Amino acid sequence: MKAQYVHPLLLTVGLSGFSTTGKAEVNAKNETTAQKKPVNVVFILSDDHRYDYMGFMNTVPWLETPHMDRMAREGAHIKNAFVTTSLSSPSRASILTGMYSHAHTVVDNTAPLPDGLTFFPEYMQKAGYRTAFFGKWHMGNDSGAPQPGFHHWEGFKGQGEYYNPRINTNGTWVQYEDSTYVTDLLTEHAIDFMKQQVENDQQFFVYLSHKGVHDNFSPAKRHKGIYQDKDLVIPPSYEIAKYDLKKLPSIDPATGKAAAGKDYYGENMTPDWVKHQRESWHGVDYSYHGRPWDIQVRNYCETLRSVDESIGSVLDYLKEAGLDENTLVIYMGDNGFAWGEHGLIDKRHFYEESVRVPILVRAPGLFEGGKVIEEMVQNVDIAPTILDYIGVEKAPQMVGYSYIPLLKGQPTDWRECIFYEYYWEHEFPQTPTMHGVRTDRYKYIRYHGIWDTNEFFDLQADPGETMNLIASPEHQEIIQQLNHELYNWLEGTDGMNIPLKRTEWPHHDHRNRGNY
């Protein structure tokens, strides 16, 4: 794979691409390798958990997540964590491979896995770890059957069920009954696996992958209704796509300046696809084919409570077993989720609520707690970080970097921009193919395959992304530079072709009958 290219011009506007591995990172690896105690890893993944729906973030005043709060207090909160594609299967593939979506080619939720992919737990197996997977795989070849890299497997097919799940346990299907709640079941079994490894004096890696908080949101019975009377938090961009409250002046072609008394198309530069999607099942005016979104967001928060309790159960067990000092625990969401921003629900787009995810890290033997990491971290960094922690070099195909030096407070070069890609899906045609780049201040989004309005935001002045500055004269130079950098990234990582996959099934849409 080609190395990432960084255009020198971007350095003048505070941009650079990924750094090469520096001395600080190498030193961190040597120190990790030299640890005397065996080290363990627990990776907890949730589904559709957005970055700011945690109690300590105070976005939703009544939302309680005491165990996530504990992880932030006793460990580190990676404040600016992002996925490379805001969709379950592509993001999960990037986590497991350390590769971009256009490289691993799992570009949607139905694309099959290509031959030749290696998941990072396979490297852990070679290093002597006992590895286990519990929960939602939801990635190509999603039959529920065991996947490479795991000695022990408990997974379900597709989305699975919140209650009374059917789970494939090492090749044998087990049907659970008696109102068994899947989050509790997976957590209990993950802890049982850890106990078995302790008894055998064996280093372990646990990949605990929850169904929560994916639709249909179904909280545990103990949490049902606890937030039903709470007031919703309406985001600042909620009305923008509907009423076009803010306007940009049009540009006078003769002078290149704003034309007095004129508005650019009489609107605030919201792309047409966003306005149209507001009335689709991924918009607030017709969410999920008519299920009111205000009820859904409360159910979402109630469902999140059991995921939070799962984290607490894992932390409590590790402490009771005397393992917390030498166990790295990472909690992460596979992608974000919109709850009213831009009049949308769901994910897929490159707006903040969709692309940003929670990442919490706890490892008392590695670094002191209470850290807030400001640097931009991505899902492709998970594999290199875990391998670094156990003293294993990252594989050459991995484009991410270990953030162990950030946790330890060691000086290290780090990325100053992140890139994004999403590829149009037949099942959800409202959202177009898009690519984007984000720095700590600016975000540029370019839509592909449709004639629509691209977007540019000044996140420092407009964190809610309410004003599209794509036509702003004073920003044209940086917009051109960001667009140029997108091409540099795609060309430098073999991403100039959209990975088409053979996905054949009858299309019930009358416009596609016979087009199989």
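Please read these numbers as outputs of a predicted model, since none were measured by experiment.
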Exercise for review: Could you tell me whether Y444 and W489 have their ring centroids closer than 6.0 angstrom?
Suggested key: no
Review point. Would you say E122's side chain and F119's backbone share a donor-acceptor pair under 3.5 angstrom?
Key: yes
Review point. Between K319 and E74, is a salt bridge (Lys or Arg N to Asp or Glu O under 4.0 Å) present by the stated rule, with each step listed?
Key: CA-CA 13 Å; K319 188 173 184 62; E74 298 179 355; over 6 Å; no
Practice item. Identify the two heavy atoms, one from R305 and one from I226, that lie closest to each other, and give their separation to 0.1 Å. Key: NH1-CD1, 3.4 Å
Point to revise | Pairing residues for Y317 by the side-chain hydrogen bond (donor to acceptor under 3.5 Å, both in side chains) criterion, not counting sequence neighbours | key: none
Review point. Sequence neighbours excluded, which residues qualify as side-chain hydrogen bond (donor to acceptor under 3.5 Å, both in side chains) partners of S101?
Key: T85
Review point. For K371, does the NZ atom have more than 12 heavy-atom neighbours from other residues, nucleotides or ligands under 6.0 Å away?
Key: yes
Check your understanding: Can you tell if the side chain of Y403 reaches within under 4.5 Å of the side chain of I382, non-hydrogen atoms only?
Key -> yes
Review point. According to the interplanar angle, ranging from 0 to 90°, do the rings of Y442 and H475 count as parallel (below 30°), tilted (30 to 60°) or perpendicular (above 60°)?
Key: perpendicular
Point to revise | F419 vs H435 side-chain heavy atoms within contact, under 4.5 Å | key: no
Revision key, fill the gap. One should read off an interatomic distance between L45 CG and Y207 OH, to the nearest 0.5 angstrom, of 5.0 Å
Check your understanding: Distance from T65 atom OG1 to L63 atom CG, nearest 0.5 Å?
Key -> 5.5 Å
Exercise for review: May I ask you to test the F456-S472 pair for a side-chain heavy-atom distance under 4.5 Å?
Suggested key: no
Review point. Can you tell me if D462 uses its side chain to pair, donor with acceptor, with the backbone of M467 under 3.5 Å?
Key: yes
Exercise for review: Taking salt bridge (Lys or Arg N to Asp or Glu O under 4.0 Å) as the test, write out the residues that go with D316, two or more places apart.
Suggested key: R70
Point to revise | W293 side-chain N/O to W339 backbone N/O, donor-acceptor pair under 3.5 Å | key: no
Review point. Looking only at atom types and distance, does a side-chain atom of E352 sit under 3.5 Å from a main-chain N or O of P463, one as donor and one as acceptor?
Key: no
Exercise for review: Can you see which heavy atom on N335 is nearest to which on S88, and at what distance?
Suggested key: OD1-N, 3.3 Å
**Study point:** Heavy-atom side-chain proximity of I78 to E375 below 4.5 angstrom
**Key:** no
Point to revise | Sub-4.5 Å side-chain heavy-atom contact between H49 and V357 | key: no
**Study point:** For N216, side-chain hydrogen bond (donor to acceptor under 3.5 Å, both in side chains) partners two or more places apart
**Key:** R291
Review point. Should the heavy atoms of other residues, nucleotides or ligands under 6.0 Å from CG of D201 be counted, would the total exceed 12?
Key: no
Review point. Regarding K394 and the six-membered ring of Y123, is the cationic atom NZ or CZ under 6.0 Å from the ring centre and inside 45° of its axis?
Key: no
Study note, to complete from the structure: The ring-ring contact (aromatic ring centres under 6.0 Å, His included) partners of H214 (sequence neighbours excluded) come to none
Review point. Counting only N and O atoms by type, is there a donor-acceptor contact under 3.5 Å from the side chain of S310 to the main-chain atoms of S306?
Key: no
**Study point:** Closest heavy-atom pair and its distance - R446, N483
**Key:** NH1-OD1, 2.8 Å
Review point. Per the salt bridge (Lys or Arg N to Asp or Glu O under 4.0 Å) rule, which among R441, R438, K443 passes with D458?
Key: R441
Point to revise | Donor-acceptor side-chain pairing of E64 and Y227 below 3.5 angstrom | key: yes
Check your understanding: With distance as the sole criterion, is a donor-acceptor pair present between the side chains of S313 and T187 under 3.5 Å?
Key -> no
Review point. Does some side-chain heavy atom of L96 sit less than 4.5 Å from a side-chain heavy atom of H104?
Key: no
Review point. How about T385 and D381: does a side-chain donor come under 3.5 Å of a side-chain acceptor?
Key: no
Check your understanding: Can you tell me how far CG of D308 sits from SG of C301, rounded to the nearest 0.5 angstrom?
Key -> 12.0 Å
Review point. CZ/F134 to CG/L186 distance, rounded to the nearest 0.5 angstrom?
Key: 8.5 Å
**Study point:** Between H77 and F56, ring centroids under 6.0 Å
**Key:** yes
Point to revise | Rounded distance [0.5 Å steps], CZ in R348 versus OH in Y423 | key: 15.5 Å
Check your understanding: Counting only N and O atoms by type, is there a donor-acceptor contact under 3.5 Å from the side chain of E302 to the main-chain atoms of G225?
Key -> yes
Practice item. Kindly say whether L490 contributes a backbone atom to a donor-acceptor pair with the side chain of Y100 at under 3.5 angstrom? Key: no
Revision key, fill the gap. Tested for side chain to side chain contact (heavy atoms under 4.5 Å, CB included) against H210, the lone hit among D47, V182, I44, I311 is I44
Study note, to complete from the structure: Exactly one of D334, T431, D48 clears side-chain hydrogen bond (donor to acceptor under 3.5 Å, both in side chains) with K347, and that residue is D48
Check your understanding: Any side-chain heavy atom of F43 sitting closer than 4.5 Å to one from I95?
Key -> yes
Revision key, fill the gap. Closest heavy-atom pair, V377 versus I359, reported as atoms and distance to 0.1 Å, is CG1-CD1, 4.2 Å
**Study point:** Donor-acceptor contact below 3.5 Å, side chain S89 vs main chain H138
**Key:** yes
**Study point:** Salt bridge D52-R356, side-chain N to carboxylate O under 4.0 Å
**Key:** no
Practice item. Classify the ring geometry between F457 and Y351 as parallel (under 30°), tilted (30 to 60°) or perpendicular (over 60°). Key: perpendicular
Check your understanding: Which heavy atom of L315 sits nearest a heavy atom of H67, and at what distance?
Key -> CD1-O, 4.5 Å
Check your understanding: Given the rule in the side-chain hydrogen bond (donor to acceptor under 3.5 Å, both in side chains) test, do Y181 and S218 qualify, once you have shown the distances and angles that lead to the verdict?
Key -> CA-CA 10 Å; Y181 190 62; S218 299; over 6 Å; no
Exercise for review: Say whether R92 and S209, considering side chains only, have a donor N or O and an acceptor N or O under 3.5 Å apart.
Suggested key: yes
Point to revise | Polar side-chain atom of S354 near backbone of F337 as donor-acceptor pair, under 3.5 Å | key: no
Point to revise | Verdict with reasoning, H282 to L344, per side-chain contact (heavy atoms from CB on, under 4.5 Å) | key: CA-CA 6 Å; H282 284 163; L344 305 178; over 6 Å; no
Practice item. Measure up the F204 and F193 rings against each other and bin them: parallel (under 30°), tilted (30 to 60°), perpendicular (over 60°). Key: perpendicular
Exercise for review: Would you indicate whether the side-chain heavy atoms of N299 and K224 approach each other to under 4.5 Å?
Suggested key: yes
Review point. Does the ring center of Y129 lie less than 6.0 Å from the ring center of F205?
Key: no
Review point. Counting only heavy atoms not in Q202, do more than 12 fall under 6.0 Å of its CD?
Key: yes
Review point. Taking only residues two or more places apart in sequence, or in another chain, which ones meet H223 in a ring-ring contact (aromatic ring centres under 6.0 Å, His included)?
Key: none
Point to revise | Spacing of H349 atom NE2 and E455 atom CD [to the nearest 0.5 Å] | key: 10.0 Å
Review point. What about F133 and H151, are their ring centers closer than 6.0 Å?
Key: no
**Study point:** Shortest non-hydrogen contact from V392 toward A127
**Key:** CG2-CB, 3.9 Å
